[in-house]
Amino acid sequence: MLFKTKTFEDAPVVLSIEDLTVRLSGNTTAKPVLDKISFQIRAGETVCLVGESGSGKSVTSLAAMGLLPKGALEVSGGRILLGETNLLDLNASQMRDKRAKSLSMVFQEPMTALNPVMRVGEQIEEVLDTHSRVSKREKKQRVLDIMEQVHLPDVERVYRSYPHQLSGGQRQRIMIAMALILEPQLLIADEPTTALDVTTQRQILALIAELQEKHGTAVLFITHDMGVVAEIADTVQVMNHGILVERAPVETLLRSPQEDYTKRLLRAVPSLVPRQERTDKPPKGGPALSVRDLDKAYGSSGWLVNRAPTQAAKDVNFDIPMGRTLGIVGESGSGKSTVARCIMRLIDPSDGSIKVAGAEIAKLTRSEMRPYRKHIQIVFQDPFRSLNPRWTVGQSLIEGPLNLGQDKTSAMKRARELMELVGLPEDAVDRYPHQFSGGQRQRIAIARAIAMEPDVLVADEAVSALDVSVQDQVLKLLDELQKKLGIAILFITHDLRVAAQICDEVVVMQKGRVVEHGKAASVLGAPKHSYTRALIEAAPGRSWDFANFKELPTVAA
Amino acid sequence: MSAANAPVSRLQPVLGLLSLPLRLRKLGGGPMIAAIVLIIIVIAAALAPLYIPHDPLAINAIYRLKGPSEMFLLGTDAYGRDLFSRVVMGGRVSLFIGVGAAVVSVSLGLAIGLVSGFFRVADSIIMRIMDSLMAIPSILLAIALVALNGPSLWSVIAAITLPEIPRVVRLVRSVVLTVREEPYVEAAVALGSSMPKILWQHLMPNTLAPLTVQGTYICASAILTEAILSFLGAGVSTEIPTWGNIMAEGRLYFQIKPSLIFWPGLMLSLCILSINLLGDTARDLLDPRLRKREA
Amino acid sequence: MLGYILKRLLAVVPVITFVAIFVFLLLRLTPGDPAAILAGDAATPAQLEKIRTSLGLNDPLLVQFGTWIGQLFRGDLGISLISNIPVSDMVGQRIWPTINIALMTIILSVLLAVPMGVIAAWKHRTWADYAVMSFSVLGFSVPVFVIGYIFIQVFSIELRWLPVQGYTPPTEDFGKFLSKAILPCLTLATIYVALIARMTRASMLEVLGEDYVRTARAKGVSETLVLFRHALRNAAVPILTIIGTGFALLISGVVVTESVFNIPGIGRLTVDAILARDYPVIQAMILLTSAIYVFINLMIDVAYSIIDPRIRY
């Protein structure tokens, strides 16, 4: 692993934050959201701010931009020095002057961060309109120029496009163009690649590095992803609950972390090295789930409008034996979730066969399907929406068993046992979902699925919304449950690291088709298809073993 | 959240309800005053027969259009009937019309909306009918219904209710369509729950909060519509006093005796103002995103 | 674009059809003999028979409906039972006052209400916001005719600034038209302004919380431009919707206001017809006002696709 090793001691300080404290508005007794944060960024330096949700890393960036949500959060102490000026002393119009000109920001969601009813060219031009006076022709020239610099294709066309006509990566390039057109001293990037696919992420990271090099910009990069940190950081700062835990040059931090919290955070990062192949024989009998030639096409042949149907999934084949895990990996639009939803019969497959516990379910109607539901259960991505907020956990857990005709008392008794099984107290059944954290809710969702005693459990991005330490625990729980109950798991994920940790077999999908299928060790260790290779190469920090603070022994690729 | 280790109480929902006044206090004085005004009006109307000094229908030619006196607190109308007694009794009927229209339209709308959200085939037909009903100006539809069915209390309530139903149906349907996409509803499908069961247990409860809010607005607008119907001569017959028809009669004597319009008008506006304010408060409390759905 | 408009136009057909069926059945399904209802209690058998033949009530239901629809397609709205004048002539005489007053009201309301709503959302939870909200709740809570009478009392009787009632066509004397139309317009506008201001505020509040507004602020764009260039255009769809659906409210208002201010428009024509049970006129007027409502909302649908490039046909 090649870390950045440049030192910045001679470079001028661009941003200096001193004892910055941020509190909830009108609440002086509660714990501050940011507690006396101090750090500096020098010209040309990339400082990564890492932490889990609620650590205060985004609040830090919004405070620097003067964009804290009014009436919710307010700075109650400290200084934010940009060069010589304390930004906290500026009035609203002086602060507006600084934005985009001296410091600018790129946000996480390129989907929502651009105005949907304005052409993107106009949106970049607006920066020039606000901060400078140039002729119309020069203005357009400068916009096209910066669009070239962020490597947008066919800039004349993109200039006239609306955001919804561009891809996620292109939109993020527009955001970057907007942020850098006036060559500010500081760029704040708040999780700018989190919403993007890995291959796009790689390009955007490279772009930021390239432009930083060219203009000598200081970058404050906020992320939760240690892989990204390893790739781009000069200096790393770890935050936890509003406190700066540790600050060190990137290699020092990854090799010899000092603080317990940092070590814990690093240990939770799943390794890209596939798990050991299981030696025990899977139980006899047919596969728990068998999918043959599964197709799903979305037709949209309407009246007056006629579009060719889109193939969301085509010719998908696989088997999962009892007690084994098969992962489907792919980027957004690969069709992996479509396959999961077809198998669950939440949507109707266009063609093909799905056999669960020996029974063919692909063509059953809704009501015919109901008796077979018991065999196959699902856990969704969003833990905050997958439980009915009005029901107690117990009510949610017994919904399935009651449908199967179990009586309420025994179902409730079983629900309490299940809570214990997923590592929650028995009395959790009497509480409501809002009283639990995201990780705990995901455990409840798993318990609800297990209550049906299914043969197959479908986990659709089930750990993607969780912080890495929680992710680690939930993965361990799934593994444990599989050993105890012998269920087959179909694991849908975009994250190769997660797939490497839990899957026995991996299916790689791209644009609705399976491009590679095999043992996890061979697909992830010695990929054959070029797309799989591209995916693996794009995984940030792939040659570093975060959990053991050292290089991986054998560097793939 | 460390809540998982905290002691559990079965009283949780009860405690939640008890804390409602505390939450209300945070919202400031307006809603508080509105609630008090409304409670006074409702109690005054409900207990009216116990304390009104005169029969609101007793015609007395000697006392026509008299000013306020000890005998007639607010004076008399053109037939010598006691205005105070009429306004109080009128409030009773107006409130009854308001609440009646709200209850009937919300329950019918809920039923139709759920059916529409459930049966795809029924949906397109039901929604076309609802669109057409919404296209007919409600006041014209209401006067037409009253004119054809006679000026009875029930025909007025029916005439006010019918045009409100499509709005309720649309609200219920939009909630059903949004919530249907929630993962917990898909989980219920996966757990083998039947569609009617999902509709009733998972989807219907989500409509109750917006429907409560919508119900208060319908109640207010029904009282208002009744007044307008009376004004246009298509209201409840004057043997049953309502705020609306007291004003409608009073308008002929507006120049001589404005209090015939003033008092019922004041009571009606105060009442509607309070209901609307409480509706707004409930809407802010229950769901700030509601505004969008109603659009 | 043309395809989209065509599609929207076709979607209107079932709605208008249902309205027609509904209006048709309104009389026929009323309990009792329709002719007796229309003629009143003191009708002679000869009068009843006249009503029956003129409405074709002796024919089977389907035949009646067919004849009526056939007449509609020929532009024949029927003949008034009371005055014996063709309904289309009656409408032609009285539609202009209504159109003039309604147009003025809509323009006035939008010009007042949208800035009010924008300011209320921008100054959320300040006195400006509370003032707008109070006005809007008040506008909903006072009956239109009471507002009308208050205006007459204050501006015409006490201050003697404006004439009490009546109507002069603008083609005849524009000054007189204005002086007579201004009170009815203000009366009508109160509720419409309340409605639009409220929706503008709600929609703006929602949009002001969006990411792209934050992006605009992060670019250093001034507050005025953030509000009007970025936020308002995104908030426009629900505002337009409420202007369209609120049109039904406006029609109700027109009916009342024309009575209060003694304006010879189609609102009063309709009320008089309903009260006199002049059924051909009732049928025609309900159908006509519904068609106007549907048409206006169709225009608004088309406007969406111009405002928001994501809405594609």
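So that the names make sense, note that chain A is the first sequence line, chain B the second, and so on, each numbered from 1. Quick caveat, the model's predicted, so the values are computed rather than measured.
By number of non-hydrogen pairs under 4.5 angstrom with chain C, the leading residue of L268(B), I143(B), I139(B) is I139(B). Most heavy-atom pairs under 4.5 Å with chain B, from the set V146(C), I16(C), V23(C), V256(C): that is V256(C). Each of I261(B), D131(B), L224(B) has some count of heavy-atom pairs under 4.5 Å with chain C, and the biggest count is that of L224(B).
Contact of L273(B) with chain C is made through backbone and side chain together, with heavy-atom distances under 4.5 Å. F18(C) touches chain B through backbone and side chain together, each having a heavy atom under 4.5 Å away. With a 4.5 Å cut-off on non-hydrogen atoms, A227(B) touches chain C through its backbone and its side chain both. Only the side chain of L145(B) comes within less than 4.5 Å of a heavy atom of chain C; its backbone N, CA, C and O stay farther away. In this structure, the portions of L26(C) lying under 4.5 Å from any heavy atom of chain B include both its backbone and its side chain. The contact between I157(C) and chain B is made entirely by side chain atoms (from C-beta outward), counting heavy-atom distances below 4.5 Å. Contact of I223(B) with chain C is not made at all, since no heavy-atom distance falls under 4.5 Å.
Relative ring orientation between F231(B) and Y149(C) is described as perpendicular, the plane-to-plane angle rising above 60° on a 0-90° scale split at 30° and 60°.
Under the side-chain hydrogen bond (donor to acceptor under 3.5 Å, both in side chains) criterion, the residue pairs touching residues 267-277 of chain B are N276(B)-S141(C), with sequence neighbours excluded.
Taking CD1 from I251(C) and OG from S138(B), the interatomic distance works out to 9.5 Å, rounded to the nearest 0.5 Å.
Scanning residues 235-250 of chain B against chain C with a 4.5 Å non-hydrogen threshold yields M247(B), sorted by number.
Within 6.0 Å of the CZ atom in F135(C), the count of heavy atoms belonging to other residues, nucleotides or ligands exceeds 12.
Heavy atoms only, all atoms of each residue included: I272(B) and F140(C) are closest at CG2-O, 4.1 Å.
Residues L232(B) and S259(C) have side chains in contact (heavy-atom distance under 4.5 Å, counting atoms from C-beta outward). Counting heavy atoms from C-beta on, the side chains of R251(B) and V260(C) never come closer than 4.5 Å.
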